[in-house]
Amino acid sequence: MPELPEVETARRSLEPHVVGRRIIRVRVRERRLRWPVTPGLAARLSGLTVHAIRRRGKYLLFELDRGHLLVHYGMTGSLSVCPPTRRAGKHDHVDLALDDGTTLRFHDPRRFGAVLWVAELGRHPLLASIGLEPLEGGFTAQALARLARGKRQPVKSFLMDGRMVAGVGNIYASEALFAAGVRPSTAAGRLSRARWERVARSIVDTLSQAIEAGGSTLRDFVGGEGKPGSYQERHAVYGREGQPCPKCGGPIGHTRQSGRSTFYCPRCQR
DNA sequence: AGAACCACCTGGCAGC
DNA sequence: TGCTGCCAGGTGGTTC
């Protein structure tokens with residue numbers, strides 16, 4: 001469950017269970033994730049209290065007494081709060097036992113996710129070059145246009161580039177561009193100011209509405225406390241090739257951009 | 001310098 | 001059934 005709305009939904013649902021809890025024990029069953037789990041994670045985390053859970057793009061950041069625990073879901077990662085009796089399954093790679101008897105468990109079949117301890121967030125290379133945060137101040141048409149200046153890259157790829165915009169992935173790039181009426185293949189550097197205004201607003205609206213709906217739940221089920229989201233029912237174009245466009249009724253088109261599926265309405269998006 | 005492609009994994013599904 | 005090939009919400013590094 002990995003784009004911004006899904007990560008934000010996870011953050012909100014974990015917060016009441018995890019903030020204020022002390023980490024009692026750590027168990028790493030599989031350290032081969034996107035990057036190897038920080039060596040000595042158990043010694044690093046044991047005894048520390050979680051003071052807050054923040055999000056930057058698609059990263060979850062657990063603020064501790066010392067440093068942060070950084071979690072990324074990759075394509076198939078998830079966290080759940082389990083009762084102590086729950087047996088670990090095949091892809092349950094990391095457990096944090098908390099002082100109320102529950103376990104915060106990281107599950108990730110494809111192992112594209114990450115679990116890292118970070119001393120100083122500001123200096124960490126994974127966070128240093130992250131782009132504009134769509135739901136915070138500064139996410140404006142002007143800022144986007146400035147970043148895109150001179151780029152011939154398709155606007156959809158631009159929006160999915162984490163160094164430009166944080167947290168927008170394949171689903172929400174397609175959905176936001178549909179809402180804005182902009183063709184995904186348009187060169188980012190050639191969008192007019194008026195179109196950037198529409199794109200910026202569409203990104204904010206799309207992400208906000210998705211968060212309200214609890215995100216999109218596709219092929220995976222959300223374990224633990226997390227309930228599945230329902231925003232997939234409101235996808236206008238994503239995964240809907242050949243089905244009628246909600247605006248004009250024409251068939252939704254499908255194409256491939258730098259290896260990723262793109263869905264759009266050829267009539268409504270110019 | 002900028003944009004496309006590859007690699008990293010497992011699982012589910014369609015088609016034979 | 002079981003096999004094969006293809007597809008999947010990410011992203012850093014490599015190649016062109």
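A note on names: the letters A, B, ... follow the listed sequences, proteins ahead of strands, and every chain is numbered from 1.
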Review point. Is there side-chain contact between A:Val81 and A:Thr103, with at least one heavy-atom pair below 4.5 Å?
Key: no
Practice item. Convert the base pairs of DNA chain B into dot-bracket notation, remembering that pairs crossing earlier ones are written with [ ] and that bases paired across to another strand are shown as |; include only Watson-Crick or G-U pairs under 3.5 Å. Key: .|||||||.|||||||
**Study point:** Donor-acceptor pair, side chain of A:His93 and main chain of A:His91, under 3.5 angstrom
**Key:** yes
Point to revise | Closest heavy-atom pair and its distance - A:Ala236, A:Ile252 | key: O-CD1, 4.0 Å
Check your understanding: Can A:Arg11 and A:Glu8 be counted as an ion pair, charged N to O under 4.0 angstrom?
Key -> yes
Practice item. Summarise protein proximity over nucleotides 10-16 of chain C in one line of letters, 5' to 3': B for base, S for sugar-phosphate only, - for none, counting protein heavy atoms closer than 4.0 Å. Key: BBS----
**Study point:** Distance in Å, A:Arg240 CZ paired with A:Ser174 OG, rounded so as to fall on 0.5 Å steps
**Key:** 12.5 Å
Exercise for review: Could you identify which residues of residues 113-125 of chain A place a heavy atom less than 4.0 Å from some atom of DNA chain B, listed by residue number, or say none?
Suggested key: none
**Study point:** Between C:dC6 and B:dC6 - P atom distance, rounded Å
**Key:** 14 Å
Revision key, fill the gap. Closest non-hydrogen contact found for A:Gly77 with A:Asp108 is N-OD1, 3.4 Å
Check your understanding: Could you state the CG-P distance from A:Leu218 to C:dC7, rounded to the nearest angstrom?
Key -> 16 Å
Exercise for review: Measure from NZ on A:Lys90 to C1' on B:dG12 and round the result to the nearest Å.
Suggested key: 13 Å
Check your understanding: What closest approach, in Å, do A:His254 and A:Ser261 show between heavy atoms, and which atom pair accounts for it?
Key -> NE2-OG, 2.7 Å
Protein and nucleotides 2-6 of chain B: nitrogen or oxygen contacts under 3.5 angstrom:
{"from": "B:dA3", "atom 1": "OP1", "to": "A:Arg152", "atom 2": "N", "distance (Å)": "2.7"}
{"from": "B:dA3", "atom 1": "OP1", "to": "A:Gln153", "atom 2": "N", "distance (Å)": "3.0"}

Review point. Apart from A:Ile130 itself, which Ile, Leu, Val, Met, Phe, Trp or Tyr residues share its cluster (side-chain heavy atoms under 4.5 Å, direct or through members)?
Key: A:Trp35, A:Tyr59, A:Leu61, A:Leu70, A:Leu116, A:Val118, A:Leu121, A:Leu126, A:Leu127
Point to revise | Heavy-atom pair of closest approach, residues A:Thr49 and A:Asp65 | key: N-OD2, 2.6 Å
Study note, to complete from the structure: Rounded to whole Å, CZ of A:Arg32 lies from P of B:dC8 at a distance of 13 Å
Study note, to complete from the structure: Here the pair of heavy atoms bringing A:Leu177 nearest to A:Pro184 is CD1-CA, 3.8 Å
Review point. Should we say atom CZ of A:Arg27 is surrounded by more than 12 heavy atoms from elsewhere, each under 6.0 Å from it?
Key: no
Practice item. Looking only at non-hydrogen atoms, find the nearest pair between A:Glu133 and A:Ala166 and report the distance. Key: OE1-CB, 3.7 Å
Check your understanding: At under 4.0 Å, does any side-chain N or O of A:His91 touch on OP1 or OP2 of B:dC9?
Key -> no
Review point. Which residues satisfy the side-chain contact (heavy atoms from CB on, under 4.5 Å) test with A:Arg195, sequence neighbours excluded?
Key: A:Val182, A:Leu191, A:Ser192, A:Arg198, A:Arg270
Check your understanding: Between atom CG in A:Asp92 and atom P in B:dT10, what is the gap in whole Å?
Key -> 15 Å
Practice item. Take atom P in B:dA1 and the same atom in C:dT11, then report the distance between them in whole Å. Key: 24 Å
Revision key, fill the gap. A:His107 NE2 to B:dT10 C1', in whole Å, measures 10 Å
